[in-house]
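These notes are about the structure you will find just below.
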Amino acid sequence: MTNIKKLLLIDGSSIAYRAFFALYTQIDRFISPSGLHNNAIYAFHTMLRNVLATEQPTHVLVAFDAGKTTFRTEMYADYKGGRAKTPDEFREQLPFIKEMLAAQGIKQYELANFEADDIIGTLATLAENGDFDAITVVSGDRDLTQLTTEKTTVAITIKGVAELEIYTPAYLLEKLGLTTAQFIDLKALMGDKSDNIPGVTKIGEKTGIKLLLEYGSLQGIYDNIEQMKVSKMKENLINDREQAFLSKELATIDLTSPIAIGLEDTIYTGVDYDKLKKFYQEMGFNKFLEELEGATEKVVEAINFTVVEETVTDDMFDENQFFYLEILGEDYHRDSIIGFAWGDETGIYVSKNIALLKSFNFPKNTYDFKKNKVLLARHAIAYPVVEFDTMLAKYLYSTIENNKISTIAGLFGLDLPDDDVIYGKGVKRAVPFDEILFDHLARKIDVLVKTKAPLTDKLRENDQEKLLSDMELPLANVLAKMEIAGIKVSGGVLSEIGIENEKVIENLTAEIYELAGEVFNINSPKQLGVILFEKMGLPIIKKTKTGYSTAVDVLEQLAPQAPIVDKILKFRQISKIQSTYVTGLLGEIMADGKIHTRYIQDLTQTGRLSSVNPNLQNIPVRLAEGRKIRKAFIPENASSVLLSSDYSQIELRVLAHISGDEHLISAFNNGADIHTSTAMRVFGIEKAEDVTPNDRRNAKAVNFGVVYGISDFGLSNNLGISRKAAKNYIDTYFERYPDIKNYMGNTIREAKDKGFVETLYHRRRNLPDINARNYSVRSFAERTAINSPIQGSAADILKVAMINLDKNLTAGGFKTKMLLQVHDEIVLDVPDDELVAVKKLVKTTMEDAISLDVPLLVDENSGKTWYEAK
DNA sequence: AGTGTCACG
DNA sequence: ACGTACGTGACACTG
C-alpha cells in the first residue's frame, strides 16, 4: 500500500478578503448571535469545506500576510500603495477565521517581512522536491499561478469564492499561450494595479503576451530591443526598462523564504469537535452545527392531517382554505394526478380519490392555478378563478429564486423537503407509499397556509397587490384556456417538409464528406473544428472555452475561403429545422391532432411568458426555408381561419413613454417609420426619401441597442463596423435624444439606490449585482436595469390586452379562441363569419390596453395557415 | 449535466 | 485595460 501525500496550501489573506466581498451584498444577513459580522467567515468556511472534500489532502497549511512592510516595500516603497483601507467589518472577522481554522485542525503560519505567497511558494517547492505526490495552492490572487508545475496545481477563486479555476501548466499554455516562467514576465510588463506594480507604460495583457510570444522572455525583449521597429511602444519599453525589471522582482514569489516550519508541521489531523461545535454556536452556523451533531438526529415535527377516502363532509370545506394538486412531473397535459390536499390552520385533508373532486367546493387559494385548472379540465371539472396563488405571488415578490414550495418555505423560515427528495429524481422518480405521499402533501398545505400572510404583506409593501389580483391571476385563467384549446397541426404537412429536408441533408452530407476528404460528424462542433481549422487550416476567428468556435458569424466570414463552409451552413440550417421543428413537433401532436404547449408564467426575469413542451414562441419565420413550418399550423375547422395580431414597435413606444423623449414621442404621434425617423435625426438627413436602406438598417440597430442597454462593442459587433464608428453613432444618438440619455442615467442611479427596477405596473426586478465591484457583473446589471422596465412593461401590456380580449370575446358571444402568445403577438382561431368583427375587436382591445403618451398600433393578418397569417 | 449552436421576440 | 448588447427553449454532442 502506498501512502499518497497531498499538500494543500491556502493563501489565507487573499481568500479571506475575497470571501468578505463574495457575500458583501448579504452582509446584513450574516450576523452572529453576539452581533459580529460573519460573512467572510462563512464564505471562507464554505470554500474550505469544498476544497477539503475535493482534494482530500494529507497536509494542509493556511498562510497569512504578516503586516504592511515586507522585503518588497524595502525594494519599492510604493508596493501595494494606494490600496483602499480594509473595511472594519472585514478586519474584525480575521481573528475568527483563524479560530475557525484552529478548530478545523488546520495549521496556520505567517512570517514577518514576507507575504503569504512566499510562504506558500517555499513550502510548495519543498514538497515538490520531497516525496509529495501532489500540491494544491488555493488563492484569490492570479499571481500565484506562477507556482504552477506538473505536480503543483493552482486554484484561483472565481465568482466570489464558490468556484475555482484550476491552473495547470497545460491550462496556462492554453489560456494565455504562456509558460509558467513567461507568466511572471507578463506581470513585469503589464504591472498590477492592485499591488501598485508599475510595469511598462501602455502595455497590457494583449501586448504583453504578443511580445513574450515573439521574444520568449522579458530578457529576450530587451536583448532584441534595438532591432525593434520604431514605435511608441518601443520608446516606452526603453524608458521603463528599469521599472520592468523591478516589477519582475516584485512579482516573483520567493521560493526560499526563511520559514521556521517544515512540511512535517502541516499534517492534517482533522477537526477538533468540541472547539468546532463551540465555534459554530458562537457564529450561529446552525446548519453546520446540526451536520456536526449528525444530521440524522434532526427532529422533524409530526404534522396532523386527515386522510379522506370515500366521502367528504361539509365541515371539511371552507372557501379560505388552500387547495393543492400533485403530479409527479411537470407535464400536466399528460401526467396523472397522484394525490391532492386542502386545508387551513384548523385542519388539513389529503386524498388520492379523484372522484371526490367531481363535486368539490374548491377554495380560493391555490398554488399554480393554471396547472390545477388544466389538470381538472382533463377530468371535465371546472375550477373558478381564485383570489390568491402562492406561486404567482412569490414570483411577483422576487424572481431571483425558483418558486417551488420548498423554496418558499425556506424563504420564510420554514422547512419542507424538496420533491426530488420525497419522489426521487430521474429514473428513480416514483409515487411513494401513501404514508409518505400524504405527509408530504399535508406539509405543502401547511407551508402554503403559513406563508400567505407574509407574502401578502410583501406584495402590499411593494404595491403589487393589483398585479397579482388583476393581472397574473386572471391571466392564468386565460392561459389555461389557451393551453387546453391547443393548436391544430397537420402531421402530413410536416412529414412532407421532412421528406424534402432528408433529401437535402443527404446530398449536403455527401458533398461535405467529399470536400473534407473524410467522414465525420458534422453536428459535432469539436470534430467540425478539427476539419476546418486543423485539417483545412482556415483562420481561427473566435474561440469558445472548449475549443474553436464554429458559430454562424464565424462560418460566414470563412465562407469565401472554402466552399465547404457554405455547405455546412446550409446543413446546419436544414438540420435545425428537421430535428427541432419537423421531428420535434411531430412528436408533440397529441391524440386530438393538436399541440398543447405549456406557458411558464413564473420564470422570466422581466415578466414575459415562456413556452415549453414544445416551445411555440420560436417557430421559424425569418428565413423562407424555416417559415414553411408555419404551413402546418392550421385552424380547428375548415370554416375558420388563424388571425395573427401583433403590436408594432411596442418596446420602442414604451421607451418613448417612460423616457418622455419629445422627439421619439412626436415621431410616433406623427405615424412616422421609427427607424427612418431615427436615421434622419442621427445622421442629419433632411428628407425621409433621402434615407438609404443602409441608413435605416443602421438606425434600427441603434434603436435595438438602446432598448438592450447599448455599448459600442455590442453595436459594432452587430453592425460589423469599428468600435469607434459605433461609439460615434451612440454619442450622436444621445446628443440628439437627450431625454433617452437621461432616462438611462436616472434608471441606473435609481437602481443602484433602491436595488431594483420596476415596470409601469410595478413588476419588480431585483438587481443585487448593480453595485458589484466586478466591472462586467456590474455592467450586466446596469444593462438589465435599462432593459427590464421596457421589456417588462411591454409584457405587462400584452397581458392586460389578453385579459381584456378574453372578457370582450366572451361578452360578445364569439366562438373565437385565443391560441398562442408570442411576446408581442396573439394568434387566434376565428370562425369565418366572425372574422370582420373579431379583427376589429382584437385590434381595438390591444391598442386600448393602456393609454400611453404615444399610440399603440396593431397589425393584423389572417389566413388558412399560420404561414399565410403573417 | 454542461456546452455550443440556433430558433424566436 | 477590462469585456460586454436584452429575454427565452430545444437539440446534439460530450464527458
Side-chain angles (χ1 to χ4, degrees), chain A residues 190-193 199 202-208 399 425-426 521-529 542-555 568-569 572-573 575-585 587-588 597-600 603-623 625-627 629-630 646-647 649-651 701-702 704-719 723 726 730 765 774-792 794-795 798 820-825:
Chain A
M190 62 188 269
D192 183 330
K193 230 178 155 181
K202 288 273 176 201
I203 292 190
E205 183 172 306
K206 287 240 168 84
T207 321
T399 57
K425 52 179 182 175
N521 186 343
I522 311 167
N523 277 321
S524 160
K526 197 176 164 191
Q527 294 183 35
L528 182 61
K542 201 164 73 176
K543 280 188 139 195
T544 67
K545 69 172 93 165
T546 53
Y548 316 111
S549 170
T550 65
V552 227
D553 58 314
V554 171
L555 294 190
I568 291 164
L569 282 166
R572 281 248 180 98
Q573 189 199 358
S575 302
K576 175 82 180 176
I577 295 167
Q578 189 67 356
S579 63
T580 304
Y581 299 105
V582 176
T583 322
L585 287 181
E588 298 284 354
T597 186
R598 254 167 51 229
Y599 291 103
I600 309 290
L603 184 140
T604 69
Q605 298 299 309
T606 55
R608 276 190 175 183
L609 301 174
S610 81
S611 157
V612 294
N613 253 308
N615 181 359
L616 293 185
Q617 291 181 320
N618 72 346
I619 302 302
V621 68
R622 291 175 191 164
L623 300 173
E625 291 86 344
R627 195 170 189 155
I629 294 291
R630 295 184 173 227
D646 68 291
Y647 281 118
Q649 308 295 355
I650 187 165
E651 291 194 348
V702 174
F704 268 91
V706 170
V707 171
Y708 292 155
I710 201 157
S711 76
D712 54 4
F713 185 89
L715 184 65
S716 74
N717 241 351
N718 189 288
L719 280 178
R723 232 171 117 162
I730 295 167
R765 178 165 186 181
N774 180 308
Y775 174 87
S776 54
V777 172
R778 184 177 64 250
S779 300
F780 181 68
E782 289 173 358
R783 292 194 296 273
T784 53
I786 290 167
N787 175 261
S788 295
I790 302 171
Q791 191 185 115
L798 187 57
L820 304 176
Q821 189 259 37
V822 196
H823 309 305
D824 63 357
E825 171 190 7

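Letters A, B, ... mirror the listed sequences (proteins, then strands); counts begin at 1.
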How many Å lie between [atom1] on [X] and [atom2] on [N], as a whole number?
X	N	atom1	atom2	value
A/L820	B/dC8	CG	P	16 Å
A/Q573	B/dC6	CD	P	11 Å
A/I577	B/dC6	CD1	P	12 Å
A/R572	C/dC13	CZ	P	12 Å
A/K545	C/dG3	NZ	P	14 Å
A/L569	B/dA7	CG	P	10 Å
A/Y599	B/dG9	OH	P	14 Å
A/D712	C/dT4	CG	C1'	9 Å

(message) Quick check: any donor-acceptor pair below 3.5 Å linking the side-chain of A/R622 to the base of B/dG9?
(response) yes

(request) Determine whether any donor atom in the side chain of A/R723 lies under 3.5 Å from an acceptor atom in the base of C/dT4, or the reverse, and answer yes or no. (result) yes

(request) Using both distances under 3.5 Å as the test, list the Watson-Crick or G-U wobble partner of B/dG4, or none. (result) C/dC11

(request) Any strand is fair game: report the nucleotide pairing with C/dA1 by Watson-Crick or G-U wobble, both distances under 3.5 Å, or none. (result) none

(request) Indicate for each nucleotide in nucleotides 5-10 of chain C, in 5' to 3' sequence, whether protein heavy atoms under 4.0 Å reach the base (B), only the sugar-phosphate (S), or nothing (-). (result) BBBSBB

Indicate yes or no for a side-chain donor-acceptor contact from [X] to the backbone of [Y] under 3.5 Å, with no hydrogens or angles considered.
X	Y	answer
A/Q617	A/Q821	yes
A/T207	A/I203	no
A/T606	A/S788	no
A/S611	A/L616	yes
A/T597	A/P614	yes
A/R630	A/P620	yes

[atom1] gap between [N] and [M], integer Å:
N	M	atom1	result
C/dG3	B/dA7	P	29 Å
B/dC6	C/dC2	C1'	29 Å
B/dT3	C/dT4	P	15 Å

(message) Looking only at the side chain of A/S776 (C-beta and beyond, no hydrogens), which of the listed nucleotides B/dG4, B/dG9, C/dG3 gets closest?
(response) C/dG3

For [X], which contact category applies under a 4.0 Å heavy-atom criterion: base, sugar-phosphate, or nothing?
X	value
A/K202	sugar-phosphate
A/I619	sugar-phosphate
A/E825	nothing

(message) Closest-nucleotide mapping onto DNA chain C: is A/I203 or A/L585 further toward the 5' terminus? I mean the 5' end.
(response) A/I203

(request) Would you please confirm or rule out a distance under 4.0 Å between OP1 or OP2 of B/dG4 and any side-chain N or O of A/T544? (result) yes

(message) B/dT5, OP1 or OP2 - any side-chain N/O from A/T550 closer than 4.0 Å?
(response) yes

(request) Report the distance from atom OG1 of A/T550 to atom CG of A/L528, rounding to the nearest 0.5 Å. (result) 5.0 Å

(request) Hey, could you give me the CD1/CD1 distance between A/I629 and A/I577, rounded to the nearest 0.5 Å? (result) 6.5 Å

